[in-house]
Protein chains: 2
Amino acid sequence: MAQSHKKPPRKTLRPRKGDVAIDKAVYDAIRRAMLMGRLLPGTKLKEPALGRVLNVSRERVRKALHRLVHEGWLEAVPNRGTFVPALTIGEVREIYDVRTMLETAIVGRLCAELGTAAAQRLKAHVAEERQAVRTDDRVRLFGLSGEFHVLLAELCQNEQLTKLLRGLLTRSTMHFSLAAPERFQNCAGPHDHADIVKAILARDAKKAAKLMLDHLLGLVEMQSAWQPPPSPMRLEEAFRGIAAAKRPL
Amino acid sequence: MAQSHKKPPRKTLRPRKGDVAIDKAVYDAIRRAMLMGRLLPGTKLKEPALGRVLNVSRERVRKALHRLVHEGWLEAVPNRGTFVPALTIGEVREIYDVRTMLETAIVGRLCAELGTAAAQRLKAHVAEERQAVRTDDRVRLFGLSGEFHVLLAELCQNEQLTKLLRGLLTRSTMHFSLAAPERFQNCAGPHDHADIVKAILARDAKKAAKLMLDHLLGLVEMQSAWQPPPSPMRLEEAFRGIAAAKRPL
DNA sequence: TGAATCCAGAATGTGCACATTATTCTGCCA
DNA sequence: TGGCAGAATAATGTGCACATTCTGGATTCA
């Protein structure tokens with residue numbers, strides 16, 4: 001305590017108040033890179049390199065990586081680093097199995113209790129998907145296809161359910177994104193979705209559940225057919241156009 | 001680079017190799033304190049105090065808190081601190097609603113495909129619960145009651161499902177633990193479990209699902225009746241007997 | 001007397017400097 | 001020429017020293 005207590009060096013220490021925004025930006029950047037298939041399974045995410053590429057400090061990268069690891073997006077090996085996981089077909093099947101359990105129950109419930117507003121939202125969504133198909137807007141259709149399943153959960157008015165299903169959805173699409181990014185699509189097509197909505201609106205619980213089951217089984221089948229391409233990718237290229245912080249921090 | 005480069009102070013820096021174990025210990029300690037009802041909803045978990053109590057550095061506490069926050073056990077307010085959440089009855093109902101969707105599907109599947117080994121494990125578990133009731137072993141019954149639901153998931157041979165259900169279970173019991181720690185019990189009693197197992201063994205999917213539904217509804221009903229007691233608690237008392245690291249780090 | 005303000009104390013957030021550990025490269029030897 | 005050992009280099013893990021922000025209480029003024 002009774003030391004010299006010299007003036008600290010303090011070079012460039014300036015923690016602004018907009019801190020959580022930066023954290024989220026880093027997190028989103030890595031997640032987006034994965035979802036866009038820029039990061040091959042087995043890729044090692046080095047903290048210094050990521051910090052350089054994203055223009056943030058290593059601690060920021062570290063925090064984002066920890067979060068992603070815990071969410072199941074990445075795998076961490078102590079004293080080794082953080083890696084992009086190689087999801088096996090079995091794991092993908094398991095995730096889709098859980099989704100089947102949840103989503104068949106969801107459509108069943110929607111058949112039992114469905115307000116006019118909810119029905120309207122369903123019909124509007126199907127119309128949007130049809131429009132996306134007509135204009136051949138692949139990117140938009142990709143987003144809509146995923147949001148359809150989230151919408152079904154939302155209509156149950158259960159926050160926990162929605163959050164859970166959203167996590168399952170992103171995890172189930174991860175393998176697909178990593179495996180075949182050029183074939184950007186979430187579902188086989190909006191046709192299945194339209195049929196499911198029709199069954200729900202007709203209050204046909206049995207048919208709706210069956211359609212949902214077949215739909216998800218079809219997705220698994222489709223994903224199982226793909227193989228991860230063996231072409232590696234540099235980190236700088238992977239994060240090209242995916243900025244976290246414009247100015248250095 | 002061309003600076004004086006004096007000898008660094010380095011007082012007591014000794015990062016052992018058993019690091020992840022300490023992290024887990026801190027994490028478990030806080031979680032255990034919550035599960036034992038030692039931490040009332042609204043309690044602020046101060047990092048320095050926790051570090052003192054658990055004999056670990058503040059960074060370790062910080063990491064554990066971050067993880068717990070992300071898992072939904074705690075709530076963090078930026079620049080304010082980390083707090084024990086006050087789960088509303090509505091949220092508890094939502095969690096149980098999700099559990100209902102999953103677990104009715106689980107028992108349905110078990111009725112369809114159930115090996116002899118699985119049937120044996122089910123019967124053994126029911127016997128264990130009955131034994132715990134006979135000897136009036138409350139603590140053991142508490143653990144067994146929770147593990148029953150996890151066991152059902154495990155018998156589906158789906159890792160993802162098991163992990164998910166385990167999370168839901170702990171989260172659904174959290175409110176109960178916080179509200180009424182002295183009434184330590186997971187389920188209304190082993191009687192419901194025995195009936196469910198009987199229906200599964202009889203391959204009666206409809207009855208099994210109905211029994212599970214009623215079982216979970218009963219649990220929600222029971223939890224809704226309780227109110228959180230308004231007696232606060234000091235941090236030192238809360239973590240009495242819940243050690244993270246014996247020796248200072 | 002009550003409320004607004006300001007100030008001291010503590011708690012949180014974060015960059016940084018190390019120690020430790022893993023990886024790669026290079027030279028040597030079989 | 002291929003494999004192996006050791007050193008150099010890079011990456012990860014962690015305590016620490018700050019800056020910033022929040023909180024609680026005392027003081028002052030209407």
Side-chain angles (χ1 to χ4, degrees), chain A residues 1 3-27 42-69 74-83 235 244-245 247-249, chain B residues 1 3-27 42-69 74-83 235 244-245 247-249:
Chain A
M1 287 297 178
Q3 270 186 323
S4 64
H5 202 292
K6 63 183 182 302
K7 195 66 170 295
R10 190 171 80 79
K11 299 169 186 174
T12 57
L13 194 60
R14 42 169 176 167
R16 300 102 168 261
K17 52 185 175 182
D19 46 356
V20 298
I22 297 177
D23 283 347
K24 192 174 182 180
V26 175
Y27 169 85
T43 305
K44 179 177 179 179
L45 265 46
K46 303 179 189 176
E47 298 169 0
L50 263 181
R52 247 195 322 264
V53 169
L54 296 178
N55 255 337
V56 293
S57 70
R58 193 164 75 93
E59 280 68 26
R60 288 275 166 57
V61 175
R62 173 169 269 268
K63 213 193 299 182
L65 288 181
H66 277 320
R67 181 178 170 190
L68 287 163
V69 164
L74 298 173
E75 283 178 2
V77 183
N79 293 331
R80 290 283 306 276
T82 316
F83 300 85
L235 231 88
R247 286 174 297 190
L249 178 69
Chain B
M1 287 298 178
Q3 271 185 322
S4 65
H5 204 295
K6 64 184 181 303
K7 194 67 170 297
R10 189 166 80 81
K11 299 167 187 176
T12 58
L13 196 60
R14 38 165 180 173
R16 299 98 167 262
K17 52 185 176 182
D19 46 357
V20 299
I22 296 177
D23 284 348
K24 192 174 183 179
V26 176
Y27 169 85
T43 304
K44 179 177 179 179
L45 265 47
K46 303 177 189 177
E47 298 168 0
L50 262 181
R52 248 195 321 265
V53 169
L54 296 178
N55 254 339
V56 293
S57 70
R58 194 164 75 91
E59 280 67 27
R60 289 270 164 63
V61 176
R62 174 169 269 267
K63 213 193 296 183
L65 288 181
H66 277 321
R67 181 178 170 189
L68 287 163
V69 163
L74 298 173
E75 283 177 2
V77 183
N79 294 329
R80 289 283 307 275
T82 316
F83 300 86
L235 230 90
R247 287 175 296 190
L249 180 67

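Nothing here was measured: the structure is a model prediction, and the numbers come from that model.
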Checklist entry - Rounding to a whole Å, what distance do you find between B/Asp23:CG and D/dT12:P? => result 17 Å

Checklist outcome for this item: Here the distance between atom C1' of C/dG9 and atom NZ of B/Lys46, to the nearest Å, is 12 Å

Next on the checklist: Measuring from atom CD1 of B/Ile22 to atom CG of B/Leu54, what distance do you get when rounded to the nearest 0.5 angstrom?
Outcome noted: 12.0 Å

Checklist entry - What nucleic acid atoms does A/Leu45 come within less than 4.0 Å of, heavy atoms only: base, sugar-phosphate, or nothing? => result sugar-phosphate

Item to check | Nearest-Å distance for atom pair CD/C1', residues A/Glu59 and C/dT12 | outcome: 16 Å

Checklist entry - Is the side chain of B/Lys44 donor-acceptor paired with the backbone N or O of B/Arg80 at a distance under 3.5 Å, no angle test? => result yes

Item to check | Positive for salt bridge (charged side-chain N to carboxylate O under 4.0 Å, His left out) with A/Asp23, one of A/Arg62, A/Arg67, A/Arg60 | outcome: A/Arg60

Checklist outcome for this item: Separation of D/dG13 atom P from A/Asn79 atom CG, nearest Å, is 6 Å

Item to check | Single hit among B/Leu65, B/Val61, B/Leu50 for side-chain contact (heavy atoms from CB on, under 4.5 Å) with B/Thr82 | outcome: B/Leu65

Checklist outcome for this item: B/Arg80 atom CZ is separated from C/dG13 atom P, nearest whole Å, by 11 Å

Next on the checklist: Please report the distance, rounded to the nearest Å, between CZ in A/Arg62 and P in C/dG15.
Outcome noted: 13 Å

Checklist entry - Just how far, in rounded Å, is P of D/dG13 from CZ of B/Arg58? => result 20 Å

Checklist outcome for this item: Taken to the nearest whole Å, NZ/B/Lys63 to C1'/C/dT12 is 18 Å

Checklist entry - Is A/Glu47 touching bases, backbone alone, or none of the nucleic acid, heavy atoms closer than 4.0 Å? => result sugar-phosphate

